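All remarks here apply to the structure that follows.
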Amino acid sequence: MLKTVEAIIDEQGNVKLLEPIQLSKPERAFVIIFSEEPDVSETALLSEDALAEHWLRPEEDAAWEHLQHLHPGKSS
């Protein structure tokens, strides 16, 4: 399972997690360094693949079909 945790890395490379986490054993992690605060579009792009996996399923289309009348002319 993947879990995303925001952190700050200081000039010496020390990583400080911004929220506490509990692990039952040592785990691998990837670190992505942003040169500035991420904007909404950057965050959305990073989330797109993970969200599409769930949103682009026939079950999701069926679950929201009753709302199609709110946007006539739009097709899925």
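What you are looking at is a predicted structure, and each value in this text was computed from that prediction instead of being measured.
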Note: with side-chain heavy atoms under 4.5 Å as the link, the other cluster members for Phe30 come out as none

Results of side chain to side chain donor-acceptor pair (under 3.5 Å) for Glu60 - residues two or more places apart only: Trp64

Tell me, please, which residues at least two apart from Asp10 pass side chain to side chain donor-acceptor pair (under 3.5 Å). Asn14

List the atom pairs, with distances to 0.1 Å, where a side-chain N or O of residues 16-29 and a protein N or O form a donor-acceptor pair under 3.5 Å, not counting sequence neighbours.
{"from": "Lys25", "atom 1": "NZ", "to": "Glu27", "atom 2": "OE2", "distance (Å)": "3.3"}

